[in-house]
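Below: the structure, in structure tokens.
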Amino acid sequence: MDALSITTRPKTWDEIVGQDRALRVLRGILRNGKFLPRGIILEGPHGVGKTSTSYDLAKAMLCTGSDPLGCGKCPSCLVFDEHPDAHPDFRELDAASHSGVDAARKLMEEAHEFPSLGKTRVTVIDEVQRLSRDAWDVYLKPLERRGVPCVFIFATTDAAKIPGTIKSRCGTIRYARVAFDVVVGLLVSLAVKTDLDYEMDGLRLIARMSKGHIRDALVLL
């Protein structure tokens, strides 16, 4: 068994489990297109699919093909699938280690540049509850202005720490802990896929210990 094949982040919408409502809303927003907010907040417990979803969202927003959910064939999608960090119009920032105003200003310099490969520029910021108030003030400006060629995706486990001025300018999607039976089903599927010998009692124990956090269940598996 290759442990990496179990813990690798999902690469398609269908691989994100237990968040049907959140994904249905996001897909609807992408398919409509007209009401795509400049900022999207993904909030909920750790390890339930927020960051994985942010990657799928980014790929779809960057896509220059005809599929609003990401065609997987255009130059933008191909580069993103190969290595997201290599995409010139995609940025990811961990607010836990880049919480200050200097990091925010550096991102803003890039956010005002027009995309070179994708349809727009996309910036994903994880653990945004760690951002300083001064950093939030920097991010507020592009959310207010029209014509900024960048979409921001904010992921957080504590939305209460996001300023109200930011929330009022973003769409918020809530994530929940994943149901026990769904976690068990995912563990069975992965065990079969990776030729792992397993006992159902063991997988159920892992599902109970994970308490609805998919990432914790995968690490335990």
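Note that the structure is a prediction, hence the values are computed from the model and not measured.
Shortest non-hydrogen contact noted between D126 and A155 is OD1-CB, 3.4 Å.
Within the 4.5 Å cutoff, the side chain of E127 has heavy atoms near those of the T157 side chain. Counting only heavy atoms from C-beta outward, the side chains of R121 and R91 approach each other to under 4.5 Å. Side-chain contact between Y139 and V128: absent, with no pair of heavy atoms (C-beta onward) separated by less than 4.5 Å. Side-chain contact between I125 and T123 is present, with at least one heavy-atom pair separated by less than 4.5 Å.
Applying the side-chain contact (heavy atoms from CB on, under 4.5 Å) rule to A103 yields the partners H98; only residues at least two apart in sequence or on another chain are considered. For K59, the side-chain hydrogen bond (donor to acceptor under 3.5 Å, both in side chains) partners are D81, not counting sequence neighbours.
Counted by atom type alone, Q19 and T53 present zero donor-acceptor pairs between their side chains at under 3.5 Å. Inspection of the E43 and T156 side chains reveals no N or O donor paired with an N or O acceptor under 3.5 Å.
A salt bridge links D14 with R27; the closest basic N to acidic carboxylate O contact falls under 4.0 Å.
A ring-centre distance under 6.0 Å is found for W136 and F154.
The OH atom of Y175 lies 16.0 Å from the NE2 atom of H46; values are rounded to the nearest 0.5 Å. Taking CD of E92 as the reference point, atom OH of Y55 lies at 3.0 Å (rounded to 0.5 Å).
Under a hydrophobic clustering in which Ile, Leu, Val, Met, Phe, Trp and Tyr are joined whenever their side-chain heavy atoms come within less than 4.5 Å, directly or via other members, L62 and V79 fall into different clusters. By the criterion of side-chain heavy atoms lying less than 4.5 angstrom apart, applied directly or through intervening Ile, Leu, Val, Met, Phe, Trp or Tyr residues, M209 is grouped together with V188 in one hydrophobic cluster. Linking ILVMFWY side-chain heavy atoms closer than 4.5 Å, directly or via other members, places L36 and F114 in two distinct hydrophobic clusters.
Judged purely by atom type and a 3.5 angstrom limit, D89 uses its side chain to pair as donor or acceptor with the backbone of G118.
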